[in-house]
> 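So that we are looking at the same thing, I have put the structure below in structure tokens.
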Amino acid sequence: MLGPLLPYSPPVPSRTAASPLPHASGSAAVPYVVQREGEHPAPDNLIILEHAPGRYRLYYQDEDPRDRDLRGVLYARCEWNPVDEHRMPTGEPQWGFMHPHRQMMTMQALRCQVCTRPARTRLGFIFLAGPHDEDPAQTEILTNQPPVCARHVRTVAALCPHMEQQPMVFLAPSAPLYGVSGVLYGIDTSGVEVVARPDHALPYGHRNLPTFLASQMVRRLKSFRVLNVDELLSELGPPA
């Protein structure tokens, strides 16, 4: 379920970006995490400083505490479009791209990727993948897709082209944090530069994370059931 590494957008979270998460309304809501047309990468103002003898760390020159996740990893910045009356992002959805900061906020707090309400259901957490993304026989899955609440499972299945209207559903009692995907920075004669673009997520605690710019947070599923949408909704019953 760890989809293709989506282009990170060094977006500048507006300084109101970390205010309480908004709530989408309506069954056809565009997922909160989807990047919108006009949300461009922010100007690059990265620096690498020695924060202890022989130990270096990546920073923004104008860094804000909200630029890092709860484990201290620096996140790519991306602009934020104006919001609507429900405080949801506006603009044409760019399907296949997740806004780095919105992905991080919903994944970190285990909020629904559509409406941002708590995603836990009475059966556990719901994670979706494209119908051909994963081998359901695997014992461990890494996912960069934030969970979905029961009310918006069909919304994601219908609206996200990647799901092909028949997503694979992973129902898990828990989903521990695993790590992040993004790019690794270093210093050369021209200054701070990208030195590697890993095609896999780096686990928290990895020695390269101090100079890593994350674009997506990744969780690990180890104990889960695989269902289809109809089976899931039948087990959940009518929405409360």
Side-chain angles (χ1 to χ4, degrees), residues 1-13 17 21-22 24 26-42 44 69 75-84 88-108 110-116 119 125-136 141-149 152-170 175 178-183 194 197-202 212-219 221 228-229:
M1 206 185 318
L2 189 59
L5 294 183
L6 304 177
Y8 76 91
S9 320
V12 180
L21 291 174
S27 59
V30 174
Y32 176 71
V33 298
V34 170
Q35 193 159 315
R36 305 300 186 98
E37 185 176 359
E39 293 184 322
H40 301 299
D44 185 352
D69 68 17
Y75 264 74
R77 286 177 168 182
C78 185
E79 294 173 343
W80 287 65
N81 279 359
V83 297
D84 63 17
M88 298 296 288
T90 58
E92 192 68 23
Q94 304 298 290
W95 299 108
F97 294 83
M98 285 189 284
H99 189 285
H101 198 255
R102 295 200 291 267
Q103 190 272 353
M104 182 264 285
M105 289 195 298
T106 49
M107 191 66 120
Q108 187 165 259
L110 286 171
R111 297 294 189 108
C112 174
Q113 63 169 273
V114 177
C115 68
T116 77
F125 292 102
I126 302 165
F127 292 87
L128 303 182
H132 313 295
D133 285 353
E134 300 292 345
D135 176 358
I141 299 291
L142 297 181
T143 180
N144 56 8
Q145 292 288 329
V148 180
C149 71
H152 287 112
V153 171
R154 288 200 187 277
T155 300
V156 174
L159 290 180
C160 296
H162 181 65
M163 299 296 171
E164 300 181 19
Q165 299 189 36
Q166 51 179 345
M168 193 179 300
V169 178
F170 292 84
Y178 173 80
V180 291
S181 59
V183 295
V194 174
R197 299 179 183 273
D199 61 359
H200 57 276
L202 297 191
F212 198 75
L213 186 68
S215 58
Q216 294 178 359
M217 183 176 284
V218 175
R219 285 186 177 270
L221 310 181
N228 62 39
V229 170

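Just so you know, these numbers come straight off a predicted model, no measurement behind them. Numbers here simply count residues along the sequence, with the first being 1.
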> If I compare all heavy atoms of Glu37 with all of Asn81, which pair ends up nearest, and what's the gap?
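Looking at all heavy atoms of both residues, the shortest contact is O-ND2, 2.9 Å.
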> Would you name the heavy atoms of Glu79 and Gly38 that are closest together and state the gap between them?
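Minimum heavy-atom contact is OE1-O, 3.1 Å.
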> Considering only heavy atoms from C-beta outward, does the side chain of Val229 approach that of Pro167 to under 4.5 Å?
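They are in contact (side-chain heavy atoms under 4.5 Å apart), so the answer is yes.
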> To the nearest 0.5 Å, what is the distance between OG1 (Thr90) and CE (Met88)?
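CE of Met88 is found 11.0 Å from OG1 of Thr90.
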> Roughly how far, to the nearest 0.5 Å, is the CE atom of Met104 from the CD atom of Gln216?
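The CE atom of Met104 is 12.0 Å from CD of Gln216, to the nearest 0.5 Å.
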> Rounded to the nearest 0.5 Å, how far does NE2 of His101 lie from OG1 of Thr106?
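The distance works out to 10.5 Å.
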> Tell me the closest heavy-atom pair linking Met163 and Val156, and the distance in Å.
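Between these two residues, the closest heavy atoms are CG-O, 3.9 Å.
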> Nearest 0.5 angstrom please: Leu159 CG to Gln165 CD, how far?
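One finds 9.0 Å between CG of Leu159 and CD of Gln165.
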> State, to 0.1 Å, how close Ser215 and Gly182 come at their nearest heavy-atom pair, and which atoms those are.
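Closest approach of Ser215 to Gly182, heavy atoms only: OG-CA, 3.8 Å.
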> Can you name the side-chain hydrogen bond (donor to acceptor under 3.5 Å, both in side chains) partners of Arg102, sequence neighbours left out?
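With neighbours one apart ignored, the set is Glu39.
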> Any side-chain heavy-atom pair from Asp133 and His162 closer than 4.5 angstrom?
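With C-beta onward as the side chain, the pair touches.
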> Any donor and acceptor pair, going by atom type alone, linking the side chain of Arg219 with main-chain N or O of Gln145 inside 3.5 Å?
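A pair under 3.5 Å: no.
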> Are side-chain heavy atoms of Tyr75 and Val180 found at a separation under 4.5 Å?
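Sidechains of Val180 and Tyr75: in contact.
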> A side-chain contact here means heavy atoms from C-beta on lying under 4.5 Å apart; do Pro198 and Phe212 qualify?
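Yes - at least one pair of side-chain heavy atoms lies under 4.5 Å apart.
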> Where do Trp95 and Cys160 come nearest, in terms of heavy atoms and distance?
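Smallest heavy-atom distance, with atoms named: CZ3-SG, 3.9 Å.
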> Treating Gln113 as the side-chain partner and Arg111 as the backbone partner, does any N or O pair qualify as donor plus acceptor under 3.5 Å?
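Absent.
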> With sequence neighbours excluded, give me every salt bridge (charged side-chain N to carboxylate O under 4.0 Å, His left out) pair touching residues 152-169.
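As it turns out, the salt bridge (charged side-chain N to carboxylate O under 4.0 Å, His left out) pairs with a partner in residues 152-169, which skip direct neighbours, are Arg154-Asp230.
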> Let me confirm one number: the OH-CD1 distance from Tyr178 to Ile141, rounded to the nearest 0.5 Å.
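It is 13.0 Å, given to the nearest 0.5 Å.
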> Yes or no on side chain to side chain contact (heavy atoms under 4.5 Å, CB included) for Thr143 and Val218, after CA distance, side-chain angles and deciding distance?
CA-CA 5 Å; Thr143 180; Val218 175; 5.9 Å; no
> Drop me the distance from Met98's CE to Met217's CE, to the nearest 0.5 angstrom.
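Spacing of CE (Met98) from CE (Met217) equals 12.0 Å.
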> Give the minimum heavy-atom separation between Val153 and Val148, together with the two atoms involved.
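Closest heavy-atom pair between Val153 and Val148: N-CG1, 3.6 Å.
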